[in-house]
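Please read these numbers as outputs of a predicted model, since none were measured by experiment. Both backbone and side-chain heavy atoms feed into the values below; hydrogens, waters and symmetry mates do not.
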Amino acid sequence: MAESAESSKDYFVTTVNEDHATICWGCGLRLLLPTHAPVFKCGWCGAITSQNVNKTETKCLWGRRLQDRCFVTILSVFMLFLICGGVWAVHWFVFSVSYTFGIFHYILTAILAATTVSTFSLSAFRCAGTPPTLLWGSYPVVGKGDLENYTFCHYCVKPKSPRAHHCRSCGTCVLDMDHHCPFIGNCVGAANHRHFIAFLFSAVFSTIYISFISAYAGLHIWPPVKYRSLGHLNGSGRDLAIRAFKEVMLALIGLSVLLWQQLCYIYEGKTYLSHLSSQGSGGDHIEEKGCQNIFRFFGCPYSIFRYLPTLRNSPKRHTK
C-alpha cells in the first residue's frame with residue numbers, strides 16, 4: 001500500500017526563464033514575475049517595484065533653491081516694509097480719534113504682524129516633512145509586511161512611503177505633501193502644513209483689518225483733499241485709491257479661496273495631491289470625512305463631539 005501511494009505522487013520539474021525573475025529592492029528576495037509584468041508587489045515585505053522607470057536628472061537644483069530663498073527673503077522684507085509703512089501712515093489718524101483707539105490699533109497690528117511674519121517664515125524655511133528612515137535591501141533585517149505599499153524613489157535612492165511624494169523642485173521626498181508653493185519657496189507637507197494654514201488665516205485677517213482701517217481713514221481724509229484747488233491731483237489720487245482697492249480685494253479673494261480649499265481638503269482627510277490621485281484612480285479609496293479631521297490636523301486632544309452625546313449616539317438615518 002505504501003509503494004502504491006508513493007507511485008501515485010507526481011513530481012513536476014520546470015525551468016525558470018531569467019527574464020521572468022527579478023530581485024525585490026525591499027528585502028532582496030528573488031521573485032518570479034508574470035509575463036513581463038511592469039509593476040509587481042513583493043509577497044514578503046509588501047514593497048512595490050516598477051520595471052518601467054523613466055528617470056530624468058534634476059540639474060541646477062542648488063540654483064533653484066537659492067533663487068527661492070532669495071525671493072522669500074525679499075518678500076519678507078517687503079511685508080515688514082508694508083507693515084511699518086502702514087502703521088506710520090495712519091498713526092496720527094488713529095490717535096486723533098482717541099488715545100484708547102490708538103493703543104488698541106498698535107496692539108492688534110503688532111499681534112497680526114508678528115503672527116503673519118512668523119508663520120510665513122516657518123512655512124518657508126522649515127523642512128516640509130521627512131519620510132521615516134527604514135531598513136531595507138536585506139531579507140534578515142526586513143520583516144514580513146514592513147514595506148507594505150512602499151515604492152522606491154530613484155531620485156533620492158531610498159524607499160518612499162505611500163504618504164510621501166517626491167518634489168522635483170525641492171529635490172527630496174516630502175511626507176504628506178500637499179503642493180509646492182512658489183510664494184513660500186517650499187513644499188507644504190506634514191511638518192509645515194499647520195504653519196501654512198495659520199499664515200493664511202493671519203494674512204486674511206490682516207488684509208481685512210488693513211482694508212477697514214484704510215477705508216475708515218480715507219473717508220475722513222478725502223473731503224478736505226477733494227476741495228483743494230489742484231484738481232489734477234484729486235483725479236490721480238482717486239485713481240490711485242481705486243487701483244489700491246482693487247489690488248487689496250483681489251489679494252483678499254485669492255487668499256480666502258486658497259484657505260477655503262485647504263480647509264475642505266483637511267475636512268475630507270486628503271491633501272491636494274491625494275485628491276488628484278483619487279480622481280485619477282476613479283475614487284476607489286474613500287477617506288472618512290468629518291470635523292474630526294480638522295481637530296486632528298490642528299492637534300486638538302478632544303473633539304467637540306465628546307460634548308454632544310445626543311448627536312453622537314443618535315441612530316443613523318438611511319434614505320431609501
Side-chain angles (χ1 to χ4, degrees), residues 71-126 128 178-179 181-189 191-221 241-268 271-272 291 293-300 303-304:
F71 174 77
V72 170
T73 304
I74 295 174
L75 187 59
S76 301
V77 174
F78 181 70
M79 290 172 57
L80 291 174
F81 173 77
L82 288 181
I83 293 171
C84 297
V87 171
W88 177 82
V90 300
H91 80 281
W92 62 270
F93 170 76
V94 294
F95 277 101
S96 65
V97 175
S98 67
Y99 185 79
T100 304
F101 181 69
I103 296 298
F104 172 79
H105 167 73
Y106 268 98
I107 293 176
L108 184 58
T109 303
I111 294 175
L112 292 177
T115 304
T116 304
V117 175
S118 61
T119 53
F120 176 80
S121 301
L122 288 173
S123 302
F125 296 102
R126 185 173 182 178
D178 187 84
H179 68 285
C181 182
F183 293 101
I184 64 174
N186 195 10
C187 285
V188 178
N192 64 345
H193 203 170
R194 295 181 187 175
H195 303 298
F196 183 73
I197 298 297
F199 165 69
L200 292 179
F201 270 113
S202 179
V204 169
F205 289 141
S206 299
T207 306
I208 293 175
Y209 180 71
I210 290 173
S211 303
F212 172 76
I213 291 296
S214 300
Y216 185 73
L219 290 177
H220 288 76
I221 299 174
I242 294 175
R243 186 183 304 174
F245 176 77
K246 290 181 179 180
E247 292 179 357
V248 170
M249 290 305 298
L250 288 176
L252 179 60
I253 293 174
L255 290 172
S256 301
V257 170
L258 180 58
L259 177 60
W260 177 255
Q261 183 187 45
Q262 288 288 312
L263 292 178
C264 288
Y265 289 147
I266 295 172
Y267 176 83
E268 295 176 359
T271 60
Y272 177 70
C291 295
N293 294 328
I294 298 180
F295 284 101
R296 190 182 303 113
F297 175 82
F298 288 103
C300 298
S303 173
I304 192 174

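Evaluation of the ring-ring contact (aromatic ring centres under 6.0 Å, His included) rule for Phe101 yields no partner, not counting sequence neighbours. For Thr116, the side chain to side chain contact (heavy atoms under 4.5 Å, CB included) test picks out Met79, Phe199, Ser202, Ser206, with sequence neighbours left out. For Tyr99, the ring-ring contact (aromatic ring centres under 6.0 Å, His included) partners are Phe95, not counting sequence neighbours. With sequence neighbours left out, His195 forms a ring-ring contact (aromatic ring centres under 6.0 Å, His included) with no residue at all. Scanning for side chain to side chain contact (heavy atoms under 4.5 Å, CB included) contacts around Leu80 gives Val117, with sequence neighbours left out. Partners of Tyr209 according to the ring-ring contact (aromatic ring centres under 6.0 Å, His included) rule, which considers only residues two or more places apart in sequence or in another chain, are His105.
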- Query: Can you list the steps and then say if Leu258 with Phe196 is a side chain to side chain contact (heavy atoms under 4.5 Å, CB included)?
  - Reply: CA-CA 11 Å; Leu258 180 58; Phe196 183 73; 4.1 Å; yes
- Task: Mind running side chain to side chain contact (heavy atoms under 4.5 Å, CB included) on Asn293 and Tyr267 for me, showing each step along the way?
- Result: CA-CA 6 Å; Asn293 294 328; Tyr267 176 83; 5.8 Å; no
- Message: With side chain to side chain contact (heavy atoms under 4.5 Å, CB included) as the criterion, how do Phe298 and Ile197 come out once you've worked through the C-alpha distance, each side chain's angles and the decisive distance to 0.1 Å?
- Response: CA-CA 10 Å; Phe298 288 103; Ile197 298 297; 3.7 Å; yes
- Message: side chain to side chain contact (heavy atoms under 4.5 Å, CB included) for Phe120 and Val72? Distances and angles first, verdict last.
- Response: CA-CA 9 Å; Phe120 176 80; Val72 170; 3.8 Å; yes
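Here the closest non-hydrogen pair linking Ile184 and Cys187 is CD1-O, 4.4 Å. Ser123 approaches Asn186 most closely through the heavy-atom pair O-ND2, 3.2 Å.
Looking at heavy atoms from C-beta onward, Phe201 lies in side-chain contact with Leu263 at the 4.5 angstrom threshold.
Sparse packing is recorded around CZ of Phe104, with 12 or fewer heavy atoms of other residues, nucleotides or ligands lying under 6.0 Å away. Within a 6.0 Å sphere centred on CZ of Phe125, heavy atoms belonging to other residues, nucleotides or ligands number more than 12.
One finds the CZ atom of Arg194 at 9.0 Å from the CZ atom of Arg126 (value rounded to the nearest 0.5 Å). Summarising the geometry, atom CD1 belonging to Ile213 is positioned 13.0 Å from atom CD1 belonging to Ile208; distances are rounded to the nearest 0.5 Å. The CG atom of Leu252 lies 13.5 Å from the CD atom of Glu247; values are rounded to the nearest 0.5 Å.
In this structure, His193 and Phe297 have perpendicular ring planes: the angle between them is above 60°, well past the 30° mark.
Put simply, the side chain of Asn192 never gets that close to the backbone of Ala124: no donor and acceptor are under 3.5 Å apart.
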